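Since the structure comes first, as structure tokens, the remarks are kept for the end.
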Amino acid sequence: MKLFALRLFLVLAVVLASRSVPVEGQEGDRPKTPEESHARMLAALETVRAETDDTNFYIGEAQARQLRKIVGGFDAGTPASDRFDGHMRLGLAELNLGNEREAIAQLHAAREVFPESGLPDASLSECLYFTAVSWLRIAETRNCCQKPSMDSCLFPLRGGGIHTDTEGSENSIRVLEELLDRESLTAKIQADAAWLLNLAHMTLDSWPEGVDPRWRIALPDGGKGSAAGEPFPEFRNVAADRGLGTYGLAGGVAADDFTGDGRIDLVVSCWDSRVPLRFFLQLPDGTFEDRSESANFAGLYGGLNLVHADYDNDGDLDLLVLRGAYLGEHGQHPNSLLRNEGPGPDGVPRFIDVTFLSGIGDLSAPTQTAEFADFDLDGDLDLFIGNETSRRLRVPCQLFRNEGDGRFTDITATAGVENFGYTKGCSWGDFDGDGDPDLYVANLDGANRLYKNYGGGTFIDVAPGLGVDGPERTFPTWFWDFNNDGHLDLFASNYTTGGRVYWPYYRGETLDDGDIAALYLGDGEGGFRNAVRELGLDAPMVPMGSNFGDLNNDGFPEIYLGTGTPNYADVVPNLLFVNQRGEGFEDRTVAARMGHLQKGHGVAFADFDNDGDLDVFEQMGGAVPGDPYYDALFENPGFAGTHWLQVRLKGVRSNRFGIGARLRAVIEEDGVERSVYTTVNGGGSFGSNPTIQHLGLGTAAEVKRLEIFWPVSGETQVLSPAPVDQRIEITEGEPGWKTF
């Protein structure tokens, strides 16, 4: 039995069925009306839903059923190595499904037969490791999931996060200590086991003293105080209080004012193709109410990520739902382009699926990343979708040109952006300052791409020549100006997994270059330099969901990463990196109490309570049925003495919400003039921020000058001075502003 097959069983299970969803809406067979398009999508998604059990090897039970049959047929004549293998595989399949005690029973049976199997000693180490993982999952289920509190699963654990039902953690510790005492452990197993041993002791409030010094990690102030440097306040998880403590698996989030009432609403998806989208309307008292039925979301199942924009320039925000990621040839699920039809009688917008009518539904391919931009500067939003090519499915990414009449044309081949990689992130940004947006594409299986926009719908990959084609395993990515020098920089994450990097990092060890992200500094002339180590981002990340925004209102954006993998064992804290005024980043995860240990997905920075600072919503939950969790909303406690400005743009020649426009606020602090820059987009590539731009102004009491550069016209609109601590709307080409 190959050890790597066991190790990756949770994410690379045997696929039992080979059917794929048929491609819908081919040219010449497109529906004639939005209603026909919507009906066709509902039918296609119903087919996906019905086949989930057989074709989704993360969520379905088909594999476990087959393995139960195989194991049930074992007899005295079955070779011991086959019995060990069967019990191991069934144990992991049961764990996926949330049947933890049955998983432990199967793993125990594998251990019992091991002495007769003739298998290498490492096989038994694998068995012990996943036994410990199973016990730890029981601990999570019977405490964090069944009896959640505001402190649950926040790293390091304290208060209400300490487990009162101790059986799971105590048994996990016993097995982990036995495992770590074994000789000839691989470095990865040792690191993973040591990491989990520290977490298990935290659940019992016996960390750090309960952990053998050989395996003990260290945290700032013993994990009980603030991080190094200036104090940083705690953010409270108020999701349950606000009506957002929903429970489920991995998914995406789009945050914006979808109703036009001045309050931020939420759309949340779940990658389980049997779970529909959810629309949460924010009420005047700051709580949220599920209005999914009014939004016409019935039957719109699945979606690992969401992107929102006004693609048809009618003044309201539409949605793109991305489906099929990770499933290879079985992930040929149609995406959904949901057109906002305006508010219904209760004020909630009604969405209709126009995918097959719009022309973006001719190819169904697995994806979780996309971004809108006006790449040809004609005033409407075009669309790039990053698809996943895998061993048994070769598909291009897709670039759609908006024709301005609600329809798109696929120009991928002529544009030269097919990529043919396992695409996990994408971001548009004008890195060379020539006025039109360029495209960065992050691949999990090889080199990244930087497609320079040469105009006329032509792009050329310049990543190798500019040295921005790494890291090798990139997931979320984005363009931003984190240091406010007026030049776009580029963040490219690294997806090196689990305790193998976390355990040494929290023991003060330096990680290898291949295990860290890249932060490419733009030089303003189209060049980049990777400064990730000097800027303090040489930390383990394992990011899935991600985004950025200015939490402390100093004008410099922070990073928040939702972390984890489909593997139960990769229980690692979500991470907050605080921007040190453009000179570097510091890990303030512990101080801010935002180090959630459950799997983090779609992340959105938004001022949910309209108090002038950004809060963070995070869609939580893993990939398999036994790994759900509650979504989180981290409320910003505020930073005294700081000011802010929120700006909503209204394009005229440009697209209606000004996506791609660049803002510059010139301010003065302590007699020194400086600028704050931002570009209108959705932020990171796994989570969708509001189109409303939030500019932290530090202690500046006024904005001396606010500049808006509109790429379509090439003109810069100026307000001098501009207000502070207000929410204003600016219309392209019109003087002044109005509040909203």
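Just so it is clear, the model here is predicted, and its values are computed rather than measured.
- Legend: residues meeting side chain to side chain donor-acceptor pair (under 3.5 Å) with Asn443, ordered by chain and number and at least two apart, are Asn419, Thr423.
- Proximity of a side-chain donor or acceptor of Ser269 to a complementary backbone N or O of Gly303 within less than 3.5 Å is detected.
- The closest side-chain heavy-atom distance from Val267 to Arg278 is not below 4.5 Å.
- Side-chain N/O atoms of Thr565 and Asn567 include no donor and acceptor closer than 3.5 Å.
- Remark: Lys452 does not engage Asp438 in a salt bridge, criterion side-chain N to carboxylate O under 4.0 Å.
- Considering only residues two or more places apart in sequence or on other chains, Ser493 meets the side-chain contact (heavy atoms from CB on, under 4.5 Å) condition with Thr474, Phe475, Pro476, Phe491, Pro543.
- Side-chain contact, Thr52 with Ser273: a donor N or O sits under 3.5 Å from an acceptor N or O.
- Ion pair Arg65/Asp53 flagged as a salt bridge, since at least one NZ, NE, NH1 or NH2 atom sits closer than 4.0 Å to an Asp/Glu carboxylate oxygen.
- At least one donor-acceptor pair closer than 3.5 Å links the side chain of Gln619 to the backbone N or O of Leu249.
- Taking both residues in full, the closest heavy atoms of Ile264 and Pro690 are given as CD1-CG, 4.1 Å, listed atom of the first, atom of the second, then distance.
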Problem - Pair Tyr560-Ser546, side-chain contact (heavy atoms from CB on, under 4.5 Å): steps then yes or no - result: CA-CA 6 Å; Tyr560 188 67; Ser546 62; over 6 Å; no
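- Within a 6.0 Å radius of CD in Glu293, other residues, nucleotides and ligands contribute 12 heavy atoms or fewer.
- The backbone N or O of His308 lies less than 3.5 Å from no partner atom in the side chain of Asp256, so there is not a single donor-acceptor pair.
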Practice task
Kindly determine whether Tyr311 and Leu337 satisfy side-chain contact (heavy atoms from CB on, under 4.5 Å), including the steps that lead there.
Solution key: CA-CA 9 Å; Tyr311 84 93; Leu337 180 61; 3.9 Å; yes
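- Between Trp480 and Trp478, the angle of the ring planes goes over 60°, which puts this pair in the perpendicular group of the 30/60° scheme.
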Exercise for the section: Check the pair Thr679 / Asn681 against side-chain hydrogen bond (donor to acceptor under 3.5 Å, both in side chains), numbers first and verdict last. Expected result: CA-CA 6 Å; Thr679 301; Asn681 57 32; 5.4 Å; no
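- Of the possible donor and acceptor atoms, none in the side chain of Asn296 sits under 3.5 Å from a partner among the backbone N and O of Ile352.
- A salt bridge is absent between Asp445 and Arg473: the closest approach of a Lys/Arg side-chain nitrogen to an acidic carboxylate oxygen does not fall below 4.0 angstrom.
- By the 4.5 Å heavy-atom criterion applied to side chains, Val542 and Thr496 are not counted as neighbours.
- Checked by atom type and distance alone, the side chain of Asn387 pairs as donor or acceptor with a backbone atom of Pro396 at under 3.5 Å.
- Within a 6.0 Å sphere centred on CD of Glu418, other residues, nucleotides and ligands contribute more than 12 heavy atoms.
- Contact check for Ile59 versus Val624: no side-chain heavy atoms found under the 4.5 Å cut-off.
- Under the 3.5 Å distance criterion, the side-chain polar atoms of His38 are matched with a main-chain donor or acceptor of Asp353.
- Of the charged side-chain nitrogens involved, none lies within less than 4.0 Å of a carboxylate oxygen, so that Arg350 and Glu341 do not count as a salt-bridged pair.
- The existence of a salt bridge linking Arg656 and Asp314 is excluded, since no basic side-chain nitrogen approaches an acidic carboxylate oxygen closer than 4.0 Å.
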Practice task
Starting from the C-alpha separation in whole Å, work towards a yes-or-no answer on side-chain hydrogen bond (donor to acceptor under 3.5 Å, both in side chains) for His333 and Ser364.
Solution key: CA-CA 5 Å; His333 304 171; Ser364 294; over 6 Å; no
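- Using a 4.5 Å heavy-atom cutoff, the side chains of Phe686 and Met544 are in contact.
- A side-chain contact (heavy atoms from CB on, under 4.5 Å) with Phe459 holds for exactly one of Asn453, Leu450, Thr414; it is Asn453.
- For His596 and Tyr629, the ring centers sit closer than 6.0 Å to each other.
- Of all heavy-atom pairs spanning Gly564 and Tyr495, the tightest one is O-OH, 3.0 Å.
- For the atom pair CD (Gln66) and CZ (Arg89), the distance works out to 11.0 Å, reported to the nearest 0.5 Å.
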Practice task
Determine, stepwise, if the pair Phe280 / Asp265 fulfils side-chain contact (heavy atoms from CB on, under 4.5 Å).
Solution key: CA-CA 6 Å; Phe280 289 96; Asp265 310 300; over 6 Å; no
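- With rounding to the nearest 0.5 Å, the separation of OH in Tyr301 from CD in Glu46 is 5.0 Å.
- With hydrogens and angles disregarded, a donor-acceptor distance shorter than 3.5 Å links the side chain of Thr367 to the backbone of Gly386.
- Checking Asp489, Leu466, Leu490 one by one against Phe431, the side-chain contact (heavy atoms from CB on, under 4.5 Å) holds for a single residue, Leu466.
- Contact of the Leu319 side chain with the Phe297 side chain is registered, since non-hydrogen atoms from C-beta on lie closer than 4.5 Å.
- Atoms CG and CE, on Asp627 and Met620 in that order, are 9.5 Å from each other to the nearest 0.5 Å.
- Remark: the backbone N or O of Gly549 is not paired with any side-chain donor or acceptor of Asn547 at under 3.5 angstrom.
- Looking at Asp382 and Phe400, their side chains never come closer than 4.5 Å, going by heavy atoms from C-beta outward.
- Contact of the His330 side chain with the Asn56 side chain is not registered, since no non-hydrogen atoms from C-beta on lie closer than 4.5 Å.
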Practice task
Begin with the C-alpha distance, continue with both residues' side-chain angles, and end with the deciding distance and a verdict on side-chain contact (heavy atoms from CB on, under 4.5 Å) for Asn335 and Val321.
Solution key: CA-CA 6 Å; Asn335 300 317; Val321 185; 6.0 Å; no
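- Looking at every heavy atom in both residues, Gly435 comes nearest to Pro711 through O-CB, 3.7 Å.
- Under 4.0 Å is where a charged nitrogen must lie from a carboxylate oxygen, and between Glu403 and Arg401 at least one such pair does.
- Phe384 CZ to Cys397 SG: the interatomic distance, rounded to the nearest 0.5 Å, is 4.0 Å.
- The shortest non-hydrogen separation linking Ala623 to Pro566 is CB-CB, 3.9 Å.
- Looking at Ser358, its side chain never comes within 3.5 Å of a backbone N or O of Arg407 through a donor-acceptor pair.
- Using the six-membered ring where Trp is involved, Tyr58 and Trp271 have ring planes that are perpendicular, over 60° apart on the 30 and 60° scheme.
- Using modelled atom types, no side-chain atom of Glu51 and backbone atom of Val48 make a donor-acceptor pair closer than 3.5 Å.
- Remark: Arg449 CZ to Asp461 CG distance equals 5.5 Å, nearest 0.5 Å.
- Counting heavy atoms from C-beta outward, Pro334 and Phe356 have side chains that approach closer than 4.5 Å.
- Every pair passing side-chain hydrogen bond (donor to acceptor under 3.5 Å, both in side chains) that includes a residue from residues 368-381 is listed here, sequence neighbours excluded: Gln368-Lys424.
- By the 30° and 60° cut-offs, the orientation of the rings of Phe258 relative to Phe351 is perpendicular.
- The residues Asp515 and Arg500 are annotated as salt-bridged, a charged nitrogen and a carboxylate oxygen being separated by less than 4.0 angstrom.
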